[in-house]
Amino acid sequence: MPEIYTPEAVPQSRRRTFAIWASGIVILLGVAAALFLKFYRPKPHVLPPSVLEGSVLKSDSDTQKQQPIADVEITATSGSSLGSAKTNELGFFHMIMRPGVPKGAPVSIHFAHADYKPLDVVEISQGRLVIARMIPLHEANPVIPKGPLIDVANVVVRYSIQQTTSVNTGSVVKTFQVANRGNIWCAGSIPCSPDGKWKAAIGSITLDAGAGNQFQHARVSCISGPCAFTRVESNTVSDDGRKMDISALNWSDTATFLIEAEVVRPMVNDLNLDLYPVIFGQTLNFNLPPTASGLSIQATVNTEDVIYPLGPDLCLSWAECKVSVANDQTKSYRCELKPEYRFASTQ
């Protein structure tokens with residue numbers, strides 16, 4: 001019969017050992033828990049960066065006069081989150097705020113520009129576009145003219161662009177032959193007919209239109225011989241149009257080719273153009289293409305017709321002008337009248 005152990009049968013020393021080990025494990029676990037609670041600091045949850053976008057416009061009750069404002073310095077804060085940006089020529093700004101702003105949290109935004117009254121707004125972080133309107137300083141602190149206003153009328157913008165025209169100086173007519181003998185097996189020699197069966201020959205010619213001239217509408221054709229067994233291999237004109245290279249393949253008897261082309265001389269001229277700017281209130285606006293040059297503004301100022309060359313400094317005696325350049329290099333001009341001037345009603 002097997003021997004059965006009962007608690008009373010376990011030796012006293014062994015039970016004491018078990019108790020010591022169990023007490024030690026409990027004490028170690030308690031110390032570890034205490035140390036963990038003392039030194040563990042949960043890592044704070046950091047929101048990803050937030051994006052704030054919008055546009056800054058000139059404040060005006062007439063929407064046609066709410067023009068974009070460039071170079072506006074913008075700062076935003078929300079709790080510990082900060083961000084800054086600057087508007088481009090379209091008045092647009094793109095700001096990244098770090099750390100991110102929780103949705104629904106208020107964001108304080110400050111707008112500053114040397115020519116406008118500072119603006120402070122509070123937006124709720126909801127991912128919406130921010131549209132800010134700033135008041136010009138001359139409206140916030142209007143300048144009262146000392147005398148009667150001077151009329152500005154009949155404003156015309158003048159500029160020039162270069163255009164290239166071609167003057168026909170003649171034509172070229174040239175023939176060349178590609179000599180060959182038909183019905184000879186190719187036998188692996190090069191060149192061969194397109195099907196690799198017959199011995200062929202290649203003829204080429206280079207033509208020069210002369211300094212300052214260009215070939216146009218070059219054309220090549222076979223005019224005599226077994227033309228059915230010929231092919232024009234290349235007919236290329238150099239990048240400057242001065243030289244023309246022609247080659248032809250013939251896999252039968254001798255064939256004759258005709259080359260024809262017009263010879264022209266490109267001429268670069270200045271094309272003078274006029275445009276009428278758009279006028280809203282005290283401001284005129286116009287755009288110029290990237291290649292425009294020789295900009296001037298003609299206007300009737302105080303009944304006198306005057307042409308004002310508008311150089312890099314954009315100086316006008318009767319207006320303050322600014323220019324912005326778009327990605328496609330189009331130039332946008334905006335000129336605002338000085339306080340003592342006004343656009344005549346006839347404009």
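Any value given below was found using the heavy atoms of this structure, including those in side chains, with hydrogens, waters and symmetry copies removed.
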query = Between the side chain of His113 and the main-chain N/O of Ala70, is any donor-acceptor distance below 3.5 Å?
reply = yes
key: Atom of His94, atom of Glu53 and distance for their closest heavy-atom approach   = ND1-OE2, 2.7 Å
inquiry  = Any heavy-atom pair between the side chains of Leu288 and Thr330 that's under 4.5 Å?
reply    = no
inquiry  = Ignoring hydrogens and geometry beyond distance, is a side-chain donor-acceptor pair present between Ser160 and Asp270 at under 3.5 Å?
reply    = no
inquiry  = Between Arg342 and Asp151, does the salt bridge (charged side-chain N to carboxylate O under 4.0 Å, His left out) criterion hold? Intermediate values first, please.
reply    = CA-CA 5 Å; Arg342 68 180 179 185; Asp151 285 338; 2.6 Å; yes
task = Using the six-membered ring wherever Trp is involved, compare the ring planes of Trp318 and Tyr308 and label them parallel, tilted or perpendicular (cut-offs 30° and 60°).
result = perpendicular
message = Has Ser78 got a side-chain atom pairing as donor or acceptor with Pro106's backbone, closer than 3.5 angstrom?
response = yes
ask   = When rounded to the nearest 0.5 angstrom, what is the spacing between CZ in Arg158 and CG in Leu275?
value = 11.0 Å
key: Residues Leu258, Val220; criterion side chain to side chain contact (heavy atoms under 4.5 Å, CB included); working and verdict   = CA-CA 6 Å; Leu258 172 66; Val220 184; over 6 Å; no
request  = Applying salt bridge (charged side-chain N to carboxylate O under 4.0 Å, His left out), run through Arg334 and Glu320 and close with a yes or a no.
outcome  = CA-CA 8 Å; Arg334 182 177 295 112; Glu320 299 286 346; over 6 Å; no
ask   = Hey, what's the ring geometry for Phe286 with Tyr333, parallel, tilted or perpendicular (30° and 60° as the breaks)?
value = parallel
ask   = Rounded to the nearest 0.5 Å, what separation is found between the OG atom of Ser59 and the CE atom of Met134?
value = 10.0 Å
ask   = Hey, mind stepping through Val157 and Asp274 against side chain to side chain contact (heavy atoms under 4.5 Å, CB included) and telling me if it holds?
value = CA-CA 6 Å; Val157 176; Asp274 293 346; over 6 Å; no
note = Residues Gly212 and Pro266: closest non-hydrogen pair is O-CD, 3.4 Å
ask   = Is Lys58 paired with Asp115 through a side-chain N to carboxylate O contact shorter than 4.0 Å?
value = no
query = Any donor-acceptor pair under 3.5 Å linking the side chain of Asn180 with the backbone of Ser252?
reply = yes
message = Taking side-chain hydrogen bond (donor to acceptor under 3.5 Å, both in side chains) as the cut-off, I'd like each qualifying pair that reaches into residues 163-175, sequence neighbours left out, listed once.
response = Thr165-Asn269
Closest non-hydrogen atom pair, Ala261 against Met244 = CB-CE, 4.2 Å
Intermediate values then yes/no, side chain to side chain contact (heavy atoms under 4.5 Å, CB included), Ile202 and Val178 = CA-CA 6 Å; Ile202 292 179; Val178 180; 5.8 Å; no
query = To the nearest 0.5 Å, what is the distance between CG (Leu82) and OG1 (Thr77)?
reply = 7.0 Å
request  = State, with a plain yes or no, whether a side-chain heavy atom of Arg98 is found less than 4.5 Å away from one of Pro49.
outcome  = yes
query = Would you call Val155 and Tyr276 a side-chain contact if the rule is heavy atoms closer than 4.5 Å?
reply = no
task = Would you tell me whether Arg242 and Gln214 have side-chain atoms, one donor and one acceptor, within less than 3.5 Å of each other?
result = no
task = Spell out, as yes or no, whether a donor-acceptor pair under 3.5 Å connects the side chain of Ser193 to the backbone of Lys197.
result = yes
ask   = Quick one: CG on Leu129 to CD on Glu123, what's the gap to the nearest 0.5 Å?
value = 10.0 Å
key: Test item: Thr87 side-chain N/O and Ile69 main-chain N/O as donor-acceptor pair under 3.5 Å   = yes
query = Can Thr254 and Gln177 be counted as having a side-chain donor-acceptor contact under 3.5 angstrom?
reply = no
ask   = Are the side chain of Asp253 and the backbone of Arg181 linked by a donor-acceptor contact shorter than 3.5 Å?
value = no
Over 12 foreign heavy atoms within 6.0 Å of CG, Leu271 = yes
Nearest heavy-atom neighbours spanning Asp328 and Pro290 = O-CG, 3.4 Å
inquiry  = For the backbone of Gly203 and the side chain of Glu233, can you confirm whether one donor and one acceptor N or O come within less than 3.5 Å of each other?
reply    = no
query = Between the side chains of Asn287 and Ser332, does any donor sit under 3.5 Å from an acceptor?
reply = yes
query = With distance as the sole test, does Thr230 use its side chain to make a donor-acceptor pair with the main-chain N or O of Asn250 at under 3.5 Å?
reply = no
request  = Determine if the SG-SG distance between Cys321 and Cys315 falls under 2.5 Å.
outcome  = no
Inter-residue atom distance Thr75.OG1 - Met97.CE, 0.5 Å rounding = 9.5 Å
query = Going from CD on Gln67 to CG on Leu57, what distance comes out if it is rounded to the nearest 0.5 angstrom?
reply = 9.5 Å
request  = State whether a side-chain donor-acceptor pair under 3.5 Å links Ser247 with Ser234.
outcome  = yes
inquiry  = Do Trp198 and Ile184 make a side-chain contact, defined as non-hydrogen atoms from C-beta onward lying under 4.5 Å apart?
reply    = no
key: Minimum-distance pair of heavy atoms, taken over all atoms of Cys186 and Pro191   = SG-O, 4.3 Å
query = Can you list the steps and then say if Arg231 with Trp251 is a side chain to side chain contact (heavy atoms under 4.5 Å, CB included)?
reply = CA-CA 9 Å; Arg231 183 175 70 186; Trp251 57 94; 4.2 Å; yes
